[in-house]
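Notes to accompany the following structure.
Predicted model, so just to flag it, every value in this text is computed and none were measured.
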Amino acid sequence: MPELPEVETVRIGLNQLLPGKKIDNVWSDWVKSFPNAKSDVAQFLIGAKIIQAQRRAKLLLISLSSNYSLVIHLKMTGQLVFRGKQNFGGGHPSNSLVGSLPDKSTRVILSFKDGGKLFFNDQRKFGWMRLLPSAEVPNIDFMKKLGPEPLGAGFSKAQFQQRVQRRPNSAIKAVLLDQTVIAGIGNIYADESLWGSKIHPATAVNKLSSQKLGVLFKAIQEVLNLSIELGGSSDRNYVDAEGKKGSYLKFAKVFRLQGQPCPRCGTPIIKIRVAGRGTHICPKDQRLI
DNA sequence: CACTTGACCTGTCCGC
DNA sequence: TGCGGACAGGTCAAGT
C-alpha cells in the first residue's frame, strides 16, 4: 500500500466516520484476511463500539470498547472503505476507484448497528486484520521491532543519522525501506525523497556525509507531509476511507515517470532496480559515488 | 551476519 | 484474440 501517508489518510477518514458505531456482524470468506473472524475471540468484536483509529508505521489500530483492538495491515492492495446505511452503490464517480460494494475483492465486512458497513477489500490478499487485546498490541513482535515515526515530534536529524548508520554497507534505499530503522517509508517515498536530496538509491550509507543524511532527513519529512496534505498516492488500488483517490502522484517528481524529464534538470528519468525494487532516478542529479 | 531471492496472490500490460 | 512472462505501492522466511 499504502505507505505512511496513505495509511494516515485512511486513519483520519475512519476517525471521522467510525467512533461510537456498534459492530453487530462480521463476514469474511478468506481466512488469512481475518483469521479471528470466526474464532471465539469474535465475541470481543460483536457488540463492541469503535473508540478510535490510530496509526503506527503502516499499521492501523482501531480500538474497541471491549478493550480489544483491530490491527490492520493493508500491504500492497488493501482498502478500508466505509459506506453508510443503504449506500453500497458506487460513489464519487470522478475520483473513486471503487464501485458498488461488496465487490470481488471484498475479503471482510464489518456491519454496524446503524446500517453502515466497513469493507476490507484486498485484491492480492496480502493484507490482514487481527483482533487482539488492546494492552497486548504494543508488545507484538512486529510492533516492538518498528523504528521511530519519521514525522514523530521526538524524531531528530541526529537520531535519523544514527539509526541509518547502523547499516553502513547497505544501499541507502534498502535502509529507508527497512521498517526497523524508520517506520512507514515504502517504495514511492523512498524514490521521491532520494531524488529530493540528489542521492543515488544504491549509494552505500557509509559514503554519505552526515550533512547529506541531514538533507535526506528533511526531504523525507517534506515528501511525507506533502503527500498527507494531498490525501496520499493513488495508482491502481489505493483509496481513502470514503473510496476516494489521493492526488500525490500528480506531484511526484520521479516515481513511475521514466522517460519524462527530470523537473530539476530536464534529463530523462530512468527506471533501475535497487534492493529488488523498481527504482526511479534522474541519472544526472543522482550519481553513484 | 548481511544481503538477495522466493513466496504470498490477483490483475494488468506488453510482446509475440 | 490468446498466451506467456514480467511486474505491481509490503513483508517474511529461506537461501547464499
Side-chain angles (χ1 to χ4, degrees), chain A residues 1-10 28-35 55-60 71-80 97-99 103-108 120-130 140-147 164-194 201-206 220 223-224 227-228 230-240 245-259 271-280:
Chain A
M1 154 170 189
E3 308 179 29
L4 187 154
E6 291 75 34
V7 180
E8 179 63 10
T9 303
V10 172
S28 176
D29 74 340
W30 185 255
V31 173
K32 289 181 181 176
S33 294
F34 190 17
R55 180 188 62 73
R56 173 75 173 104
K58 301 174 190 174
L59 293 155
L60 279 163
V71 182
I72 304 169
H73 200 309
L74 300 170
K75 291 286 181 85
M76 304 276 266
T77 57
Q79 308 172 325
L80 276 179
L97 282 173
V98 286
D103 64 23
K104 64 180 171 180
S105 70
T106 301
R107 312 296 173 204
V108 182
F120 176 33
N121 278 10
D122 186 16
Q123 179 184 103
R124 291 175 71 181
K125 299 180 175 176
F126 290 171
W128 48 260
M129 49 198 280
R130 299 281 140 78
I140 315 166
D141 214 32
F142 61 75
M143 289 287 285
K144 282 198 294 196
K145 284 193 292 192
L146 289 171
V164 163
Q165 284 166 344
R166 297 195 312 196
R167 293 184 54 183
N169 301 309
S170 295
I172 183 65
K173 178 166 176 175
V175 179
L176 294 182
L177 294 175
D178 182 341
Q179 302 298 297
T180 70
V181 177
I182 325 150
I185 299 171
N187 209 29
I188 297 177
Y189 303 105
D191 281 6
E192 291 294 311
S193 53
L194 288 165
T203 311
V205 168
N206 63 16
I220 289 168
V223 161
L224 295 178
S227 184
I228 291 169
L230 296 170
S233 297
S234 289
D235 185 30
R236 296 177 173 77
N237 293 280
Y238 167 71
V239 293
D240 70 12
K245 296 195 277 187
S247 60
Y248 177 83
L249 276 193
K250 289 181 199 153
F251 298 84
K253 310 296 192 211
V254 288
F255 190 78
R256 293 267 172 89
L257 292 173
Q258 57 271 33
K271 184 174 179 184
I272 58 177
R273 192 155 277 266
V274 176
R277 312 294 301 275
T279 297
H280 310 78

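- Residue contacts for Gly278(A): at a heavy-atom cut-off of 4.0 Å it reaches the sugar-phosphate backbone alone, with no base atom in range.
- Rounded to whole Å, the distance from CG on Leu257(A) to P on dG9(C) is 13 Å.
- No side-chain donor-acceptor contact under 3.5 Å links Ser227(A) to the backbone of Leu224(A).
- Among the heavy atoms of the strands lying under 4.0 Å from Phe255(A) are primed sugar atoms or P, OP1, OP2 only; no base atom is included.
- For the side chain to side chain contact (heavy atoms under 4.5 Å, CB included) with Lys173(A), the qualifying choice from Asp178(A), Asp191(A), Thr203(A) is Asp191(A), the only one to do so.
- Taking atom NZ on Lys173(A) and atom P on dG10(C), their separation rounds to 9 Å, with Å as the unit.
- Between Ser33(A) and Lys125(A), the side chains place no donor N or O within less than 3.5 Å of an acceptor N or O (distance only, hydrogens not considered).
- Here Asn169(A) lies in heavy-atom contact (under 4.0 Å) with sugar-phosphate atoms only.
- The separation between Arg56(A) atom CZ and dT11(C) atom P is 12 Å, rounded to whole Å.
- Side chain of Ser170(A) to backbone of Ala174(A): no donor-acceptor contact under 3.5 angstrom is found.
- Using P as the reference atom, dG5(C) and dG6(B) are 15 Å apart when rounded to the nearest Å.
- Summarising the geometry, the separation between CG on Asp141(A) and P on dC12(C) is reported as 9 Å, rounded to the nearest angstrom.
- Nearest-nucleotide positions on DNA chain B place Ser170(A) closer to the 5' end than the other of Ser170(A) and Lys32(A).
- The Pro2(A) side chain lies nearest to dG9(C) when the options are dC3(B), dG9(C), dC7(C).
- The phosphate of dG9(C) (OP1 or OP2) has no side-chain N or O of Ser233(A) nearer than 4.0 angstrom.
- Checked by atom type and distance alone, the side chain of Gln179(A) pairs as donor or acceptor with a backbone atom of Gly184(A) at under 3.5 Å.
- Taking atom CG of residue Asp178(A) and atom P of nucleotide dT4(B), one finds them 12 Å apart after rounding to whole Å.
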List every contact pair, protein side and nucleotides 14-16 of chain C side both N or O, where the distance is under 3.5 Å.
none

Listed pairs, N/O of protein and of nucleotides 10-14 of chain B, under 3.5 Å:
residue: dT10(B); atom: OP1; partner: Lys125(A); partner atom: NZ; Å: 2.9
residue: dT10(B); atom: O4'; partner: Gln123(A); partner atom: O; Å: 3.4
residue: dG11(B); atom: O4'; partner: Gln123(A); partner atom: OE1; Å: 3.3

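- Listed for the Asn187(A) side chain is a donor-acceptor partner under 3.5 Å among the backbone atoms of Gly278(A).
- Note on Arg277(A): every side-chain N or O is 4.0 Å or more away from OP1 and OP2 of dC7(C).
- Regarding contacts with the backbone of dT11(C), a side-chain N or O of Lys58(A) is found under 4.0 angstrom from either OP1 or OP2.
- Atom CZ of Phe126(A) and atom P of dG9(C) are 12 Å apart (whole Å).
- With Thr279(A) contributing its side chain and Arg277(A) its backbone, the two residues share a donor-acceptor pair below 3.5 Å.
- Here His73(A) does not reach the OP1 or OP2 of dG10(C): none of its side-chain N or O atoms lies under 4.0 Å away.
- The P atoms of dC3(C) and dC9(B) are separated by 24 Å, rounded to the nearest whole Å.
- Glu192(A) places no side-chain N or O within 3.5 Å of a backbone atom of Val223(A) that could act as its donor or acceptor partner.
- Between the side chain of Glu3(A) and the main chain of Lys58(A), no donor-acceptor pair closer than 3.5 Å is present.
- When the P atom of dC12(C) is taken as reference, atom CE of Met143(A) falls 12 Å away, rounded to whole Å.
- Residues Tyr248(A) and Tyr189(A) bring their aromatic ring centres within 6.0 Å.
- The residue among Gly276(A) and Arg166(A) whose nearest nucleotide of DNA chain B lies closer to the 5′ end is Arg166(A).
- As the counterpart of dT10(B), dA8(C) is assigned, both hydrogen-bonding distances of the Watson-Crick or G-U wobble pattern falling under 3.5 Å.
- A search for side-chain contact (heavy atoms from CB on, under 4.5 Å) contacts involving Arg124(A) returns Met76(A), Thr77(A), Phe126(A), not counting sequence neighbours.
- Only the P atoms considered, dT5(B) is 14 Å distant from dA6(C), to the nearest whole Å.
- Residue Gln179(A) has a polar side-chain atom (N or O) positioned under 4.0 Å from OP1 or OP2 of dT11(C).
- Taking atom NE2 on His280(A) and atom P on dC7(C), their separation rounds to 12 Å, with Å as the unit.
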